[in-house]
Structure formats: structure tokens, C-alpha cells
Amino acid sequence: MTDELSAVPSESSGTAETVAALEQELDADGVLVGIVMGSESDMPAMEKAAAELTRRGIANEIKVMSAHRNPDVVAEYSKTARARGLKVIIAGAGLAAALPGAVAAHTDLPVIGVPLTSKTSVAGGLDAMLAIAQMPPGVPVACVGVDNPKNAAVLAERIINA
Ligand code: RP5
């Protein structure tokens, strides 16, 4: 047994228990919902999702990562989300809003997309809404209304409690 594995509780002799114990080490301090967004400029909108989750007693974390500007960060975050204990990821983005789909490409956790308006949006955010909703079969992303991060938080709670 390696030093790393000897730190695993003695009752964790099977593979499943060992994996569970190692995943525990990656635990995100009880965070259940990850909130990500494509730009710092999305923060005023997406903070409302965090505030709603916090109001409902659901631990969350909030991070900026762009599908186009930081693709490797998005992939790493998404791939490790389940092992860290997250249950749902909320992803907000505007314009060619690839972030929710990019996250869903790397995790089987439920992903809720929030289409956002920004200063160069066209059709009042319809650009982002279509980019988020029109995912290919087999890689679903839930899509709430334009600039409606509160509904993403409420839906995340319902998913967690389903
Ligand atoms: C999207 O482009 C972001 O999600 C944001 O809504 C929009 C504008 O980004 P910035 O130019 O303000 O960084 O990727």
C-alpha cells in the first residue's frame, strides 16, 4: 500500500471505498453548485444566482472562465467537478455563449445555462439563448430565460432535491 493510500480509513479496503475516500480528499468543502461565467462582465448578473442559492442554504462557488479564452481551465474544472462533490453546474455567458455546452462536454453533471445580454448582444440576447439551447442530441444543457440567473438557482435546488 502506498503512503497516499495508507491515509485511507482501514475499513476502505475495496476499490469503490478507496475511490470514495480519495474523492473525499478533493471535496469542495460541501459546495454543491458551481457557478461559472464567461467574463468578469457577467459577474453582476451571475452573483444573483449565488445570492439566491445562499439564501436557500445551498453552498456554492463562483468563478470566471471563458470557453473561448480559457478552454483548458473550463475542461479541468468540469472534469473534476463530480469528484469535488458538486451536484449541479450553472454556467452563464453572452454572445456566442459556448460555456454551458463546453462544460457539459466534460461532465455528466446537470448543467444549467444562463443566456446573458452584453453590450454587443444581438436580438436582446437571443444569440446567447440559441447558442445555449441548441445543443446536439446526447449532450443536454438546460436553458433558463435571458438574464434570469435566479431561475437557474431555483432549478439547481430542485435538481438537488429531486
Ligand atoms: C461572452 O462575451 C461573455 O460571457 C460575456 O457575456 C461577453 C462579453 O465579454 P467581455 O468582452 O465583456 O469580456 O463570452
Side-chain angles (χ1 to χ4, degrees), residues 4 8 12 15-43 45-54 56-116 125 127-162:
E4 187 182 13
V8 173
S12 302
T15 304
E17 289 86 350
T18 302
V19 169
L22 290 172
E23 284 183 354
Q24 198 89 31
E25 292 176 20
L26 290 169
D27 187 64
D29 288 334
V31 168
L32 295 179
V33 179
I35 301 170
V36 296
M37 70 208 78
S39 169
E40 200 66 50
S41 66
D42 299 325
M43 189 61 85
M46 296 308 293
E47 275 176 344
K48 293 176 184 154
E52 185 65 26
L53 287 167
T54 301
R56 290 165 182 265
I58 298 175
N60 60 86
E61 63 184 14
I62 188 161
K63 296 175 187 297
V64 176
M65 57 184 76
S66 165
H68 299 114
R69 295 165 176 156
N70 325 103
D72 294 343
V73 173
V74 173
E76 178 71 10
Y77 182 82
S78 308
K79 286 177 184 173
T80 57
R82 179 181 284 282
R84 293 177 58 241
L86 271 58
K87 300 294 182 199
V88 180
I89 297 177
I90 295 173
L95 305 180
L99 183 60
V103 171
H106 292 293
T107 181
D108 60 358
L109 290 175
V111 177
I112 305 171
V114 185
L116 299 172
D127 48 0
M129 193 172 88
L130 292 176
I132 290 172
Q134 289 287 69
M135 287 293 289
V139 191
V141 168
C143 182
V144 296
V146 175
D147 291 333
N148 199 336
K150 177 176 177 175
N151 263 6
V154 176
L155 182 55
E157 182 186 48
R158 290 185 180 191
I159 292 169
I160 289 167
N161 292 336

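Both backbone and side-chain heavy atoms feed into the values below; hydrogens, waters and symmetry mates do not.
Atom OG of Ser39 is separated from atom CG of Asn70 by 10.0 Å, given to the nearest 0.5 angstrom. Between the CG atom in Leu32 and the CD1 atom in Ile58 there is a gap of 7.0 Å [rounded to 0.5 Å]. With rounding to the nearest 0.5 angstrom, the NZ atom of Lys48 is 14.5 Å from the CG atom of Leu53. Taken from NZ in Lys87 to CG in Asn60, the straight-line distance is 15.5 Å, to the nearest 0.5 Å. Rounding to the nearest 0.5 angstrom, the gap separating the SG atom in Cys143 from the CD atom in Gln134 is 9.5 Å. The structure places CG of Asp29 at 9.0 Å from CZ of Arg84, a figure rounded to the nearest 0.5 Å.
Within the 3.5 Å criterion, the main-chain N or O of Asn148 finds no donor-acceptor partner in the side chain of Asn151.
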Next on the checklist: Show, in sequence, the C-alpha distance, side-chain angles and deciding distance for His68 and Leu99, and conclude whether the side chain to side chain contact (heavy atoms under 4.5 Å, CB included) test is met.
Outcome noted: CA-CA 8 Å; His68 299 114; Leu99 183 60; over 6 Å; no
Checklist entry - Does the pair Ile35 and Lys63 meet the rule for a side chain to side chain contact (heavy atoms under 4.5 Å, CB included), with working shown? => result CA-CA 6 Å; Ile35 301 170; Lys63 296 175 187 297; over 6 Å; no
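Closest approach of Ile112 and Ala152 over heavy atoms only: CD1-O, 3.5 Å. Heavy-atom minimum distance, Ile62 versus Met43: CD1-SD, 3.7 Å. Between Val74 and Ala102, the shortest heavy-atom distance links the atoms CG1-CB, 4.2 Å. The heavy-atom pair separating Pro110 from Ile159 by the smallest distance is CG-CG2, 3.8 Å. In plain terms, the two heavy atoms of Ala91 and Pro100 that are nearest each other are O-CG, 3.4 Å. Ala142 approaches Ile132 most closely through the heavy-atom pair O-CG2, 4.3 Å.
Looking at Ile90 and Val114, their side chains come closer than 4.5 Å, going by heavy atoms from C-beta outward. Proximity of Glu76 to Met65: side-chain heavy atoms (C-beta onward) are nowhere separated by under 4.5 Å. Val64 is not listed as a side-chain neighbour of Val36, based on a closest heavy-atom distance of 4.5 Å or more. Side-chain contact between Leu86 and Val33 is absent, with no heavy atoms from C-beta onward closer than 4.5 Å. Counting heavy atoms from C-beta on, the side chains of Tyr77 and Asp72 never come closer than 4.5 Å. Side chains of Val88 and Leu109 form no contact here, defined as non-hydrogen atoms less than 4.5 Å apart.
With respect to Arg56 and Glu52, a salt bridge is recorded, a charged nitrogen being found less than 4.0 Å from a carboxylate O.
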